[in-house]
Amino acid sequence: MKLINTELDGVIIIEPTVHGDHRGWFMETYSDSRLKALGIDITFVQDNHSFSASKGTLRGLHYQLNPKAQSKLVRCTRGSIFDVAVDIRKGSSTFGQWFGVELTEENKKQLFIPQGFAHGFMTLTDDVEVQYKVDEGYSQAHDRGIRWNDLAINIQWPESALPILSEKDEKAPLLEEAEVNFMMGG
Ligand SMILES: Cc1cn([C@H]2C[C@H](O)[C@@H](COP(=O)(O)OP(=O)(O)O[C@H]3O[C@H](C)C(=O)[C@H](O)[C@H]3O)O2)c(=O)[nH]c1=O
């Protein structure tokens, strides 16, 4: 397992070790002990799995407010996505900045996103499945969103066409209007 830091402190790309042989391959997709040994000391409590039928579907940008904030360990198990994290921790030197990476069935990469970041992805193929672990359960009352195309964040999504969005995401507020209660340093 290899961890690659990104320009957003705490957002980490994880490349699992893939054991290939004449039958195919095997990999540990999650190991509590290995992640803890590498400094990611998180206890995940819920697994999520979503299916998006069409290329150009965008889910996000989402987060849960404290005290129900979530860290996420995201992977794409079918097709390809462009996965994005946005720093929304007040006082952070990278507040409002984004990082994106392609997670695909083929590259098997994962993205670890700590609490204090909004998360979203755009599908790059049809028939996409995304599976991710969270360290806090779902709370509709704490679920919030930020507009996917907020120019103050200026995410360079790979497809310029208007994405397929949920009604909730179509109406999400801009970062400057959004309710966020994350302070730098937790
Ligand atoms: C997130 C979640 C949702 N739901 C229910 C609520 C709705 O009835 C339905 C779809 O929810 P939503 O439209 O919020 O699903 P996504 O648009 O895929 O949202 C997710 O996508 C982005 C990329 C994220 O990072 C979040 O994990 C999450 O917000 O599932 C649950 O029952 N449990 C859950 O944990």
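First listed ligand is number 1; within each ligand, the first listed atom is number 1. In what follows, every heavy atom counts, from backbone to side chain, and hydrogens, waters and symmetry copies are set aside.
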Worksheet item: Does Asp126 pair with Lys55 as a salt bridge, N-O distance under 4.0 Å?
Response: no
Practice prompt. Using modelled atom types only, decide if a donor and an acceptor are shared between the side chain of Ser80 and the backbone of Thr104 within a distance under 3.5 Å.
Written response: no
Discussion item. So, regarding Tyr138 and ligand 1 (criterion: nitrogen or oxygen to nitrogen or oxygen, under 3.5 Å), is there a contact or not?
Written reply: no
Item to complete: Please lay out, stage by stage, how Phe117 and Phe99 fare under the test ring pair (Phe, Tyr, Trp, His ring centres under 6.0 Å).
Response: CA-CA 10 Å; Phe117 289 77; Phe99 170 79; over 10 Å; no
Discussion item. Under 4.0 Å from atom 23 (C) of ligand 1, can you find at least one protein heavy atom?
Written reply: yes
Worksheet item: Quick one: does Leu35's side chain get under 4.5 Å of Ile42's, heavy atoms only?
Response: no
Worksheet item: Any N or O on Lys168 sitting closer than 3.5 Å to an N or O of ligand 1?
Response: yes
Discussion item. Are Ile146 and Val86 packed together at the side-chain level, in the sense that at least one heavy-atom pair is separated by less than 4.5 angstrom?
Written reply: no
Worksheet entry | Heteroatom distance test (Lys72, ligand 1): nitrogen or oxygen, under 3.5 angstrom | yes
Worksheet item: For ligand 1, which atoms sit closer than 4.0 Å to a heavy atom of Gln46?
Response: 35 (O)
Item to complete: Could you tell me whether ligand 1 has any atom less than 4.0 Å away from a heavy atom of Tyr132?
Response: yes
Practice prompt. Assess Gln70 for proximity to ligand 1: is some non-hydrogen atom of it under 4.0 Å away?
Written response: no
Fill in: Any Tyr138 side-chain heavy atom under 4.5 Å of Asn48 side chain
no
Worksheet item: Nearest protein heavy atom to atom 9 (C) of ligand 1: under 4.0 Å?
Response: no
Worksheet item: Charged N to carboxylate O under 4.0 angstrom, Lys109 versus Asp83?
Response: no
Fill in: N or O pair under 3.5 Å between Asp169 and ligand 1
no
Fill in: Flag: protein heavy atom within less than 4.0 Å of atom 16 (P) of ligand 1
yes
Worksheet item: In ligand 1, which numbered atoms sit nearer than 4.0 Å to a non-hydrogen atom of His119?
Response: 23 (C), 24 (C), 25 (O)
Practice prompt. Verify the contact flag for atom 19 (O) of ligand 1, where contact means a protein heavy atom under 4.0 Å away.
Written response: yes
Fill in: Nearest option to atom 21 (O) of ligand 1, as decided by whichever heavy atom of His62, Gln140, Gln64 sits closest
His62
Practice prompt. Could you tell me whether Ser50 and ligand 1 have an N or O pair separated by under 3.5 Å?
Written response: no
Worksheet item: Taking the inter-plane angle between the rings of Phe112 and Phe44 on a 0 to 90° scale, is it parallel (under 30°), tilted (30 to 60°) or perpendicular (over 60°)?
Response: perpendicular
Worksheet item: Roughly how far, to the nearest 0.5 Å, is the CD1 atom of Ile81 from the SG atom of Cys76?
Response: 5.0 Å
